[in-house]
Enquirer: 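One structure coming up, written as structure tokens, with questions to follow.
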Amino acid sequence: MLSKLNAPQREAAKYLDGPCLVLAGAGSGKTRVITHKIAHLVITCGMEPRNIAAITFTNKAAKEMQERVAQLMQGHSIKALTVCTFHALGVRIVRQEAKLVGLKPQFSILDSSDIMQIIAEISGGADKATLKGIQWAISGWKNALIPPQEAEKLASDEITAAAAKLYPAYEKTLRAYQAVDFDDLIRLPVEIFENHPEALERWQNKLRYLLVDEYQDTNRAQYKLLRLLAGVRGAFTAVGDDDQAIYAWRGADVENLNLLQSDYPKLKVIKLEQNYRSTNRILTAANTLIANNTKLFEKTLWSEHGMGDPIRVVMQRSPEAEADWVAARISAHRFEFKTHYRDYAILYRGNHQARLIEQALRNHKISYVISGGQSFFDRPEIKDITCYLRLLLNSDDDLAFIRAITTPKRGIGAATLEALGNYAGARHISLFAAAHEEGVAQHMSSRHLESVREFCAFINRIEYRANREPAGQVIHDMIRAIGYETWLFENCDTREAETKWSNVTDFSGWISRKGEEDGKTLIETAQTIALISMLDKEDDDFDGVQLATLHASKGLEWPHVFLIGVEEGLLPHQSSIDNDQIEEERRLMYVGVTRAQRSLTITACEKRKAAGEVRTVEASRFIDELGEGSLHRPDRNAPASREDAQARLAALREMLGRS
DNA sequence: ATCCGGATAGTTTTT
DNA sequence: CTATCCGGAT
């Protein structure tokens with residue numbers, strides 16, 4: 001079973017005598033260790049899959065893990081195995097134990113735009129930046145398990161003071177809507193387990209072995225949850241890499257690595273240093289770079305892939321020249337080495353850098369894909385539909401009620417909703433419930449009340465069907481009944497409406513399929529969508545150069561990587577220089593460098609526009625920190641090398657051939 | 001509802 | 001400086 005692992009990997013997969021921390025360097029096969037450990041637990045140790053949970057941070061990682069376990073354990077049913085994100089596990093816990101925290105099992109999960117809306121309402125019209133700051137502060141407190149009373153003491157500036165003041169009202173509003181935010185999905189399980197030992201025991205008994213991926217990204221609340229679930233037995237394996245901790249700014253606490261050691265003195269620490277991804281030249285540079293950080297655990301990556309080519313460091317005059325150079329180089333390189341566009345990635349510090357690159361790639365007729373961007377579920381047309389689903393699940397969800405009842409327009413306007421809202425507020429009930437009461441008739445015209453009640457009756461009818469009939473049929477009928485398609489084409493220009501409508505049909509088709517696969521009703525299917533960020537319709541076979549921020553590149557790899565804008569002020573970013581956060585920036589650089597399998601090209605500009613004026617900028621200190629021995633710095637003024645000349649000729653030929 | 005002008009910020013982002 | 005966002009005015 002474990003024969004395909006190297007020695008430390010095998011040790012990590014087999015070790016079951018207590019808590020285990022696997023320090024898995026970049027490209028060292030951490031997913032392999034996790035999947036093999038699961039297989040080992042089930043096949044060799046006879047453990048039930050239902051008692052094992054593997055926890056990841058992203059849906060993508062969860063999905064990959066699931067596929068790889070399935071592949072590894074063909075012939076074993078792993079249906080009951082838990083492979084999900086922290087938040088998905090949180091949802092399961094809170095849904096099952098909902099009444100312990102005063103929620104109904106079908107509570108709504110609000111996304112960040114819903115939350116902005118709530119904060120805007122309870123703060124009584126602050127500007128957008130302030131709203132964001134407040135949301136940020138409250139989220140931070142929740143992730144650090146700081147209750148409202150304590151938050152007040154911690155408030156240091158105007159915004160955090162405002163946030164602390166609004167925190168209780170914010171919580172109250174969420175509860176009134178029978179809703180939770182993402183942070184609650186971690187915080188509430190912790191609260192449940194701390195206050196209800198019997199619930200904790202139930203879950204400890206169910207999840208007897210835990211595997212945590214990307215452990216360095218955990219925040220306080222997540223660590224607490226892990227510790228509660230693992231209990232005194234400490235039956236868990238945490239896999240992570242302190243050198244790839246790049247999310248401190250959103251609450252991830254590398255200190256959790258230290259805590260693991262102090263909380264579990266018997267912690268077994270296993271290092272994975274053999275890399276299966278990159279050439280030794282790249283690894284040496286990465287090792288040399290990261291040695292500049294003060295470190296908890298020393299690691300030295302090595303591989304059997306030979307020395308490889310030196311890292312190419314190229315200076316350009318301007319960001320425009322840089323973008324053009326990279327595009328030209330990829331074009332030539334692909335032609336010369338008969339590679340595919342998908343073998344290349346261009347990585348950068350900030351999203352704005354993608355613009356020039358996109359332009360240059362278009363000029364060179366190079367196809368590309370940008371990772372990140374707006375998630376499918378954030379699109380307005382999809383939110384319109386999901387609000388109907390939220391309302392079907394939870395009629396107390398006033399945000400969903402308002403959006404659904406006004407989209408498409410059905411003659412219910414602000415005045416009617418305000419009257420309904422006032423009545424509901426006075427009686428401490430939801431808008432939906434208020435519409436059903438007799439008393440509300442005195443606050444609005446019968447014509448308006450009639451429309452509201454008609455809408456509610458419609459929702460009730462759909463809800464009845466959503467609990468019984470196949471998901472696909474009900475959602476299809478619902479979308480048709482509300483006249484969404486017609487409304488789209490009346491309110492957008494044709495092109496836009498077509499795109500939006502196609503997104504809606506994609507969505508409804510996806511719900512259909514999902515419902516069919518799991519043999520579930522619309523109600524049951526709808527419960528699972530809040531946490532899914534993308535429809536997995538990423539075409540793996542699309543041949544395009546990958547554009548990604550360094551953050552988004554973590555966990556991915558490409559044969560040829562271009563790291564652009566490697567300048568003081570950008571990478572490391574100026575604000576990180578100012579705030580003494582160079583080490584995190586260095587880890588970001590480290591992540592970028594270790595994405596490359598065969599070749600790495602680093603570019604920097606001599607001049608860059610900042611705040612309007614063109615400034616002379618310096619190459620990043622991180623370039624020097626890679627070690628001169630790993631680098632090749634072609635002199636811009638020297639005659640082009642034979643290789644370069646050939647490449648250029650090849651590119652030229654290709655362009656001529658195409659046009 | 002829609003358009004225009006002024007103000008404002010211009011890291012990283014998943015769930 | 002410039003893109004975006006918000007608010008005010010039509």
Side-chain angles (χ1 to χ4, degrees), chain A residues 55-63 84-92 94 109-116 120 125-133 135-136 139-140 142-143 180-188 213-214 217-219 221-222 225 244-252 319 347-356 371-378 406 409 413-414 490-493 528-534 548-555 565 567 569-579 581 584-585 587-589 591-592 608-615:
Chain A
I55 313 297
T56 64
F57 272 83
T58 63
N59 289 310
K60 201 173 152 197
K63 197 180 153 213
C84 66
T85 62
F86 258 106
H87 291 85
L89 177 65
V91 170
R92 267 167 59 182
V94 183
I109 300 164
L110 305 186
D111 67 20
S112 101
S113 62
D114 298 318
I115 286 161
M116 283 290 268
D127 61 291
K128 210 182 168 192
T130 311
L131 295 180
K132 271 215 174 103
Q135 182 182 3
W136 181 256
S139 170
K142 286 190 165 193
N143 285 329
V180 303
D181 58 26
F182 284 124
D183 306 316
D184 284 333
L185 295 175
I186 311 299
R187 198 192 54 147
L188 290 176
D213 191 20
E214 304 280 12
D217 288 341
T218 50
N219 60 38
Q222 285 160 334
L225 180 57
Q244 292 185 72
I246 53 174
Y247 286 110
W249 53 273
R250 66 173 199 211
L347 309 180
Y348 37 82
R349 176 66 235 257
N351 275 314
H352 64 276
Q353 291 173 269
R355 294 192 67 128
L356 284 173
S371 76
Q374 206 188 17
S375 128
F376 189 77
F377 286 85
D378 288 340
T406 55
K409 298 273 173 287
E490 277 167 7
N491 290 280
C492 311
D493 59 60
T528 65
I529 64 168
L531 291 180
I532 299 165
S533 62
M534 297 179 291
T549 62
L550 287 163
H551 283 93
S553 76
K554 194 165 83 158
E567 298 147 25
L570 241 190
L571 179 63
H573 195 272
Q574 190 56 49
S575 50
S576 299
I577 299 174
D578 297 341
N579 296 308
Q581 288 159 349
E584 177 139 321
E585 296 285 305
R587 291 192 290 267
L588 206 44
M589 175 84 178
V591 166
R608 184 178 291 273
K609 264 192 291 192
E613 60 181 327
V614 179
R615 287 192 184 166

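So you know, we letter chains A, B, ... as the sequences are listed, proteins then strands, and number each from 1.
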Enquirer: Let me know the distance between OH of A:Y247 and P of B:dT13, rounded to the nearest Å.
Expert: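 Roughly 7 Å, once rounded to whole Å.
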Enquirer: Using a heavy-atom cut-off of 4.0 Å across all strands, would you classify A:R355 as base, sugar-phosphate, or nothing?
Expert: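 Sugar-phosphate contact only.
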Enquirer: Could you give the CG-to-C1' distance, from A:L570 to B:dG10, as a whole number of Å?
Expert: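 Answer to the nearest Å: 11 Å.
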Enquirer: Considering just the side-chain nitrogens and oxygens of A:R349, establish if one lies under 4.0 Å of OP1 or OP2 belonging to B:dG10.
Expert: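 The answer is no; no side-chain N or O of A:R349 sits under 4.0 Å from OP1 or OP2.
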Enquirer: Report yes if at least one side-chain N or O of A:T549 is closer than 4.0 Å to OP1 or OP2 of B:dT13; otherwise report no.
Expert: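 Indeed, a polar side-chain atom of A:T549 lies that close.
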Enquirer: Apply the side chain to side chain contact (heavy atoms under 4.5 Å, CB included) test between A:F86 and each candidate in A:D213, A:T218, A:V91; give the one that qualifies.
Expert: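 Option passing the side chain to side chain contact (heavy atoms under 4.5 Å, CB included) with A:F86: A:T218.
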Enquirer: Between A:D114 (side chain only) and A:D111 (backbone N and O only), is there a donor and an acceptor less than 3.5 Å apart?
Expert: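 Pair found, side chain donor or acceptor close to backbone of A:D111.
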Enquirer: Would you check if A:H551 stacks with the base of B:dT12, given a 5.5 Å centroid limit and a 30° plane limit, both strict?
Expert: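 A:H551 vs B:dT12: stacking no.
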Enquirer: Just checking A:K409: base, sugar-phosphate only, or nothing, at a heavy-atom cut-off of under 4.0 Å?
Expert: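 A:K409: backbone/sugar contact only, no base atoms under 4.0 Å.
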Enquirer: Is it the case that A:T85 and A:H87 place a side-chain donor and acceptor less than 3.5 Å from each other?
Expert: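 Checked: A:T85/A:H87 side chains show no N/O donor-acceptor pair below 3.5 Å.
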Enquirer: How far, in whole Å, is B:dT11 from C:dT4 if one measures between their P atoms?
Expert: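 Rounded to whole Å, the distance is 14 Å.
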Enquirer: Quick one: side-chain hydrogen bond (donor to acceptor under 3.5 Å, both in side chains) partners of A:T406, sequence neighbours excluded?
Expert: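 Scan of A:T406 (side-chain hydrogen bond (donor to acceptor under 3.5 Å, both in side chains), adjacent residues dropped) gives none.
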Enquirer: Whole angstrom is fine here: how far is it from CZ in A:R608 over to P in C:dC1?
Expert: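 That distance rounds to 18 Å.
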Enquirer: For B:dT15, does OP1 or OP2 lie under 4.0 Å from any side-chain N or O of A:N59?
Expert: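 Checking B:dT15 against A:N59, a side-chain N or O does come within under 4.0 Å of OP1 or OP2.
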Enquirer: Would you mind reading off the distance between A:Q135 atom CD and B:dT13 atom P, rounded to a whole angstrom?
Expert: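 Checked: the CD to P distance equals 16 Å.
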Enquirer: Please tabulate the protein-to-nucleotide N/O contacts below 3.5 Å involving nucleotides 5-7 of chain C, giving atom names and distances.
Expert:
from	atom 1	to	atom 2	distance (Å)
C:dC6	OP1	A:K128	NZ	3.2

Enquirer: Measure from the side chain of A:W249, starting at C-beta and using heavy atoms only, and say which of B:dT15, B:dT11, B:dT13 lies closest.
Expert: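 Side chain of A:W249 sits closest to B:dT13.
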Enquirer: Counting only side-chain nitrogens and oxygens, does A:N351 get under 4.0 Å of the OP1 or OP2 atom of B:dG10?
Expert: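 Checking A:N351 against B:dG10: no side-chain N or O falls below 4.0 Å of OP1 or OP2.
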Enquirer: Please report the distance, rounded to the nearest Å, between CD in A:Q574 and P in B:dT12.
Expert: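 It works out to 15 Å between those atoms.
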Enquirer: Answer yes or no: is there a donor N or O on one side and an acceptor on the other, between the side chain of A:D181 and the main chain of A:D183, under 3.5 Å?
Expert: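 Looks like yes, one N/O pair under 3.5 Å.
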Enquirer: Take the protein atom CE of A:M589 and the nucleotide atom P of B:dT12, then report the distance between them rounded to whole Å.
Expert: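 Rounded to whole Å, this separation is 18 Å.
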Enquirer: Let me know the distance between CG of A:L356 and C1' of C:dT2, rounded to the nearest Å.
Expert: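 Checked: the CG to C1' distance equals 13 Å.
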Enquirer: Strictly below 4.0 Å: does A:H573 bring a side-chain N or O up to OP1 or OP2 of B:dT11?
Expert: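 For B:dT11, OP1/OP2 do have a side-chain N/O of A:H573 under 4.0 Å.
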Enquirer: Could you tell me which non-hydrogen atom of A:F57 sits nearest to which non-hydrogen atom of A:E214, and how far apart they are?
Expert: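 Closest approach of A:F57 to A:E214: CE1-O, 3.3 Å.
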Enquirer: Ignoring hydrogens and angles, are the base of B:dT15 and the side chain of A:T85 linked by a donor-acceptor pair under 3.5 Å?
Expert: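 Looking at the base of B:dT15, it does not pair with any donor or acceptor on the side chain of A:T85 (distance under 3.5 Å).
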Enquirer: In whole Å, what is the span from the NE2 atom of A:H352 to the P atom of B:dA9?
Expert: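 In whole Å, B:dA9 P lies 17 Å from A:H352 NE2.
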Enquirer: Measuring only between side-chain heavy atoms, which start at C-beta, is A:I109 closer than 4.5 Å to A:L185?
Expert: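 The answer is yes; the side chains approach within 4.5 Å.
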Enquirer: Has the side chain of A:D184 got a donor or acceptor atom that lies under 3.5 Å from a matching backbone atom of A:R187?
Expert: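 No.
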Enquirer: Answer yes or no as to whether B:dT14 has its base stacked against A:F182, where stacking requires a ring-centre separation under 5.5 angstrom and planes under 30 degrees apart.
Expert: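 A stacking contact does not exist, since A:F182 is not both close and nearly parallel to the base ring of B:dT14.
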